[in-house]
Protein chains: 2
Amino acid sequence: MDKGQKEVTIYDIAEKLNISAATVSRGLTNHPRVSKSTRKSILKAADEMGYRSNSIASNLRSKKSNVIGVIVPRLNSSFMSDLIAGVEKAVNNNNYSLFISQSLETMQKEVTNARAMLNNRVDGLLVSLAYDTTDIEHFEPFLKRNIPVIFVDRVFEHASCPQIFIDNTKAAYEITSHLIAEGCKNIVHLTASLLRNVYTDRLSGYKKALAENGLQFNESSVIIGDLSSQAGIDAATQILKMEKLPDAVFAANDICAVSCMIELQKHGIRIPEDIAFAGFNNDPTACVVQPNLTTVNYKGYEMGEVAAKLLINHLVDKSDLQQTHSLILRSELIIRESSLRSKKS
Amino acid sequence: MDKGQKEVTIYDIAEKLNISAATVSRGLTNHPRVSKSTRKSILKAADEMGYRSNSIASNLRSKKSNVIGVIVPRLNSSFMSDLIAGVEKAVNNNNYSLFISQSLETMQKEVTNARAMLNNRVDGLLVSLAYDTTDIEHFEPFLKRNIPVIFVDRVFEHASCPQIFIDNTKAAYEITSHLIAEGCKNIVHLTASLLRNVYTDRLSGYKKALAENGLQFNESSVIIGDLSSQAGIDAATQILKMEKLPDAVFAANDICAVSCMIELQKHGIRIPEDIAFAGFNNDPTACVVQPNLTTVNYKGYEMGEVAAKLLINHLVDKSDLQQTHSLILRSELIIRESSLRSKKS
DNA sequence: TACTTTTAGGCAATCGATTACATTTTGAAT
DNA sequence: ATTCAAAATGTAATCGATTGCCTAAAAGTA
């Protein structure tokens, strides 16, 4: 495929105006050492000639791309797409562009994607880790080059990488305590890969609440899957087979909670009377499902925005990123009917 | 921010091996004019020295970026994030990368984004138009340069731009016919900007079904909003104020249908007995809401994949894009309880 | 042995913008 | 008119990889 007409470059503009390319370059970038009149004629000519700055050439010379890379587990999850939308907004408002890829929850793709990002010389990286990522060797090349890497939501402890997340332990503790307060004593927990902070932390919050209330933690009450819709259905099947039905289910995300809930309802289980339910994330489905789902509100949009702003501030101001090591965002428990047993009076 | 150590370039490798940079370049790209043994030593040295190819330099020279640009109205909608996930998969499998931005439904941002994409010299562009885009002048610079622009879902008729979409008229015709077959005679249609094919086509399908069944089309039965969740609530309010309640609502997306439905239910309206409901898209919420929502299944993932593959094929094979002008994907009517009145026996 | 062909690799220009440094122009002050 | 700092512009190197063209060495042929 041949590009149509030849591209207009600053040299073409220079030639037309009988000035040097250097001046044209300065004129186009608002450099102070160009007179108002020359600048005006440069802009006019550029416009007339259909000049489009070649960012690639510019990037090569200036050794910065004004591009931010994003690696997330999946693009099509409610939470992640919110997060990315937030990132996009912040990034776009600051004249950066966005390189995006998904790991599909595998470390292998995460590594490949990181490589591509590095080759494309992104100025910074926002990462939310895949389920099975065991180490972050693949981000070392960035750190060696002083390219900032910020972890979002699914984080990893590393001295040089700031992290942005919520207090998962606390949120899970609160939600579990709430279920207990509603009279539940046998709470099943649906979660995913315990390699990830979000799931280990939620699990420990859950355990902590049990312990504080004198309830025995039961290994078999924790069902590990991938938190997909299908995982919810599978969990329901598993629950129905238990010799003693649980009186509550706390799922580490709403998708899984909702599908599990619906599946159980199909088998005649009443929510919350027989089994109370709680999820995590406050997905759109949470207030559509009947009964509405108790959950932790924790929208990705702001998280994405905050992360992107932090990154951009660092890139622009050269402010020391190390200073902000962890940024813990607010989350809130939202109690809905799916867990209200006592007040059912 | 200073980059840590200096980057390793092909010149460094060349120097170390006492060969020319040209040979190193050829060795790294599997050029046939390099002997096996030299190639091997080049790869070894590159690996040892931590060489990372600079795509920017490569892009500048080769005048191609291996980057595909995507402009969508919003990143955080179920449909669009599915679409992007599909695009990402196809793109990533073919060694391309993805530049993404959202127009937030305004033409102004669409124009800005297109500019950035052009400056970054994307090899091709996938676009789904904003609500208020009136013309596509902003894509002309791409076409002039023979950079392919493909419209997806929200398309625009243009001789040089292939389009990928579904037969919206037919789908809307079918869904409306279905409602009529269920005994509905006064069907409200919720939709959005009629500048967009998806909404005008659905409207005409709706009209066509009415006409074929001898029903009068009523201007006031069409409520135009932005199809957001809030728009659904607003529509419900408007419906409740109507002197004669409609017996069905056909919304141009599920989000809006669901929130409208729930709002009406809050006011004692029974679905489908009082008002039957149908949506569009088969969003996850469609089978969570009670009663489950009748809709048109039309997932974005495949559409994104198909679009990206078409674009990449063209870029790789230089196959003539003009030949594929329109690609109409399959969609299917999914009937659920929200519209089943007759069989309610 | 002499000559042709093939193979491997080098030279140097190129992509387009940026920028340190040098030079010229302007205009104010003497 | 002369001087000189300030303002405006020019020169040329640079970023790092690619590639057309050329040469040297190796292999094949007569």
Touch check for B:Ile19, heavy atoms < 4.0 angstrom, all strands: base, sugar-phosphate only, or nothing?
-> sugar-phosphate
Spacing of B:Ile10 atom CD1 relative to C:dC15 atom P, expressed in whole Å = 17 Å
Determine, stepwise, if the pair A:Arg196 / A:Leu129 fulfils side-chain contact (heavy atoms from CB on, under 4.5 Å).
-> CA-CA 8 Å; A:Arg196 295 285 71 79; A:Leu129 295 169; 3.8 Å; yes
Do other residues, nucleotides or ligands put more than 12 heavy atoms under 6.0 Å from the NZ atom of A:Lys109?
-> yes
Between C:dG9, C:dT14, C:dA17, which nucleotide has the shortest distance from any of its atoms to the side chain of B:Arg61?
-> C:dT14
Is the shortest side-chain N/O distance from A:Lys63 to OP1 or OP2 of D:dG16 below 4.0 Å?
-> yes
Looking only at side-chain atoms of B:Ala57, point me to the closest of C:dG10, D:dG16, C:dG9.
-> D:dG16
Considering all heavy atoms of both residues, which atom of A:Ala114 and which atom of A:His138 are nearest to each other, and what is their separation?
-> CB-O, 4.0 Å
In terms of side-chain heavy atoms of B:Ser58, which of D:dT9, D:dA17, C:dG9 is nearest?
-> D:dA17
Rounded off to whole Å, could you give me the NZ-to-P distance for the B:Lys64 and D:dT18 pair?
-> 11 Å
Heavy-atom nearest nucleotide on DNA chain D taken for A:Lys36 and for B:Asn54; more 5' hit belongs to A:Lys36
Under-4.0 Å side-chain N/O to phosphate OP1/OP2 contact, B:Ser35 with C:dG9 | yes
To the nearest angstrom, how far is A:Asn59 atom CG from C:dC15 atom P?
-> 18 Å
Value in whole Å for how far the P atom of D:dG10 lies from CZ of A:Arg26 = 9 Å
Where do B:Lys89 and B:Glu305 land on the salt bridge (charged side-chain N to carboxylate O under 4.0 Å, His left out) test, with the steps shown first?
-> CA-CA 7 Å; B:Lys89 191 190 162 206; B:Glu305 229 182 329; 3.4 Å; yes
What is the distance from CG of A:Leu17 to P of D:dT9, rounded to the nearest Å?
-> 11 Å
OP1 or OP2 of D:dG10 less than 4.0 angstrom from a side-chain nitrogen or oxygen of A:Thr23, does that happen here?
-> yes
Would you kindly give the CG-to-P distance between B:Asn66 and D:dA17, to the nearest whole Å?
-> 16 Å
Using only side-chain N and O atoms of A:Thr38, determine if any of them is under 4.0 Å from OP1 or OP2 of D:dT9.
-> yes
Ion pair check, B:Lys144 and B:Glu140, cut-off under 4.0 Å = no
Using heavy atoms to find the nearest nucleotide of DNA chain C for A:Tyr11 and A:Arg33 separately, return the residue whose nucleotide is more 5′.
-> A:Tyr11
Using a cut-off of 4.0 Å on non-hydrogen atoms, how would the nucleic acid contact of A:Ser25 be classed: base, sugar-phosphate, or nothing?
-> base
d(CG, A:Leu28; P, C:dT18) in whole Å | 8 Å
Distance in angstrom units between A:Met49 CE and C:dG16 P, rounded = 13 Å
Candidate nucleotides D:dC15, C:dC11, D:dA12, ranked by approach to the side chain of A:Ala22 - the nearest | D:dA12
